[in-house]
Amino acid sequence: MIKQLDDYREIVGDNVIASIHRRAAKLYGKHVVHINSTYQGGGVAEMLQTLVPLMNDVGVDAGWRILHGNPDFFGITKKFHNAIQGEEIRMTDIKKELYTGANENFATYTHLDHDFVIVHDPQPLPLIQFYQKRQPWIWRCHIDLSNPSKELWDYFKHFLLKYDTMIVSNKHYLRSKLPINQRIIPPAIDPLSAKNKDLDDGIIPKTLDHFNIPIDKPILTQISRFDKWKDPLGVLDVFKKVKKEVDCRLILCGSMAADDPEGIDIYEEVKEQAGKLLNNGDVILLTVENNLLVNVLQRVSDVIIQKSIREGFGLTVTEALWKGRPVVASNVGGIPLQISNGKNGFLFNPDDNDGYAKKIIELMTNPDMAKSVGHTAKESVRSNFLITRLLGDYLELLSSFWKCPIPFNNDA
Ligand code: UDP
């Protein structure tokens, strides 16, 4: 079934629905194309799967194209991803050629005569170089931009200065010396997707059974790609501390995204370090890509952890809050936008493993506390981080171009 805005009325209320329709009015029939580099895996694909049909439903003609790349290309863009988050990188001609080459290929085979082009993340950023520019181009960066490698950022500006607007997830990612228009639009989740929708009673035990997941002990879960920025080894360390006080299990669920070649190495390392706990079944590692499984895990876990070292936004946090679960997470990137410490979840410095462990033990042994935090958590997502809010923000941004082709409100 194709998603329609009306399906969300019961969850967000009439006022939200009407305000979205109002905002779409200037955009009827306009062609919008979103471009990213994967249909599956990761937060971007997740959002586009709902955003694109909803844009169409409100009268915008929206499409979605994928920039295909080979393993070398994804290896390089992964390095870029790490360097945007502050790691050193050596920019070589070969890296630049492979990067721009995949973009040039795409441009050779794909016409873009839309009214707006929205490019997501660094992989397709250079595309703008290979088109005769005839419309506003928007770069939507989902990554933490607070401290990018200077060398890489300089290189990116080569493309970025041609864009009309850059969208970031949070005010700390605005770039003070970037003379193009910049907007803050936090991401959002779809409450009706397979990953987030309410589940009938029978489905949960069936799914647990299918994936061999026992619920005889309390469960701590992190759902994230096996990626060093998500610190799965740190989660394992926290779990070992918790396990001394509460007999529980840890689930690490991380599908392997096509654009994330480091995943397998990190997975192997976690597996090795989990050692005996893994053999006893107290650590469960899952690498399947399955939305229903994520939904079920977020509902049956006693505590959800997101121990990221860097985190652009952290959709997994939003998803877990929406399930009304107690979430313990790092005070980094987009996570503090979502969690107000002690109210709808708990925040820690990423290296405070003791603090994490203590709070998890407290939550596992005090169900009333967990329930009350969980209730506040769900309502906080309803107010701020559902896909309807994201749709409204995009419509407003695109309409602003219609009034004035090249808005510029950045003082830098
Ligand atoms: N995800 C998933 N299966 C997994 C791991 C992650 O479906 O095994 C999803 C997760 O539910 C979320 C997205 O991938 O919707 C990850 O988004 P997030 O912003 O948390 O992190 P990113 O991977 O984009 O850095």
Side-chain angles (χ1 to χ4, degrees), residues 36-51 74 77-78 80-82 84-85 120-123 140-145 168-170 173 185-197 207 211 213 221-232 235 250-264 266-267 270 284-299 301 304-323 325 327 329-330 332-339 345 381 385-387 390:
N36 81 322
S37 63
T38 170
Y39 265 126
Q40 273 190 331
V44 180
E46 193 69 31
M47 271 181 286
L48 290 179
Q49 271 160 25
T50 304
L51 191 63
F74 285 123
T77 54
K78 181 71 197 183
F80 287 179
H81 184 111
N82 291 341
I84 285 196
Q85 303 201 134
H120 295 261
D121 277 346
Q123 295 93 343
R140 200 311 176 211
C141 182
H142 297 263
I143 308 171
D144 181 340
L145 271 186
V168 294
S169 297
N170 148 0
Y173 305 163
I185 302 186
I189 59 163
D190 177 1
L192 295 180
S193 69
K195 189 174 288 180
N196 295 311
K197 67 180 184 190
T207 310
F211 288 99
I213 298 165
T221 298
Q222 175 160 294
I223 291 163
S224 271
R225 294 177 289 110
F226 286 92
D227 180 312
K228 59 174 173 259
W229 303 106
K230 312 284 185 187
D231 197 17
V235 175
L250 169 68
I251 300 179
L252 290 173
C253 176
S255 58
M256 305 283 178
D259 59 355
D260 185 14
E262 282 175 359
I264 299 193
I266 295 184
Y267 172 79
V270 171
I284 298 172
L285 303 181
L286 299 163
T287 55
V288 278
E289 170 83 41
N290 186 307
N291 289 333
L292 176 61
L293 173 64
V294 170
N295 193 338
V296 167
L297 289 176
Q298 284 165 340
R299 287 174 198 279
S301 298
I304 300 279
I305 183 168
Q306 189 61 52
K307 200 180 172 299
S308 305
I309 296 164
R310 288 293 180 98
E311 190 62 76
F313 182 70
L315 281 171
T316 50
V317 169
T318 333
E319 290 158 7
L321 294 170
W322 180 245
K323 310 298 185 322
R325 304 317 300 160
V327 180
S330 295
V332 299
I335 295 176
L337 274 187
Q338 305 186 58
I339 294 183
V381 175
F385 298 116
L386 294 184
I387 198 82
L390 182 68

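Note that ligands are numbered from 1 as they come in the structure, with each ligand's atoms numbered from 1 the same way. Computed from a predicted structure; not experimentally measured.
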*ligand 1 versus Thr316: contacting region, heavy-atom distance under 4.0 Å*: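 The answer is both.
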
_Within the structure provided, determine whether Leu315 and Met47 are in side-chain contact (heavy-atom separation under 4.5 Å)._
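Yes, side chains in contact.
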
*Considering only heavy atoms from C-beta outward, does the side chain of Asp144 approach that of Ile84 to under 4.5 Å?*
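They are not in side-chain contact.
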
Atoms of ligand 1 close to [X] [distance to a heavy atom under 4.0 angstrom, numbered from 1]:
| X | answer |
| --- | --- |
| Gly314 | 19 (O), 20 (O) |
| Val294 | 2 (C), 3 (N), 7 (O), 11 (O) |
| Glu319 | 10 (C), 11 (O), 12 (C), 15 (O) |

_If I apply the N/O under 3.5 Å rule, does Leu315 come out as touching ligand 1?_
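It does: an N or O of Leu315 is found under 3.5 Å from an N or O of ligand 1.
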
_Below 3.5 Å, N or O to N or O, backbone or side chain included: is there any such pair between Gly43 and ligand 1?_
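So ligand 1 has an N or O lying under 3.5 Å from an N or O of Gly43.
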
*Check each of Lys195, Glu289, Arg225 against atom 1 (N) of ligand 1 and report the one with the nearest heavy atom.*
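Closest candidate by heavy-atom distance is Lys195.
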
*Sequence neighbours left out, what passes salt bridge (charged side-chain N to carboxylate O under 4.0 Å, His left out) with Glu311? Give chain and number order.*
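Per chain and number, Glu311 pairs via salt bridge (charged side-chain N to carboxylate O under 4.0 Å, His left out) with Lys230.
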
_Which residues pass the salt bridge (charged side-chain N to carboxylate O under 4.0 Å, His left out) test with Lys323, not counting sequence neighbours?_
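So Lys323 forms no salt bridge (charged side-chain N to carboxylate O under 4.0 Å, His left out) with any residue.
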
*Mind checking whether Lys230 has a heavy atom under 4.0 Å from ligand 1?*
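Right, Lys230 reaches ligand 1.
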
*Any Lys/Arg nitrogen of Arg310 or Asp227 sitting under 4.0 Å from an Asp/Glu carboxylate oxygen of the other?*
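Looking at Asp227 together with Arg310, the answer is no, because their closest N to O distance does not fall below 4.0 Å.
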
*Okay, side chain of Ser330, backbone of Ser308: is any donor-acceptor separation there less than 3.5 Å?*
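Checked: pair present.
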
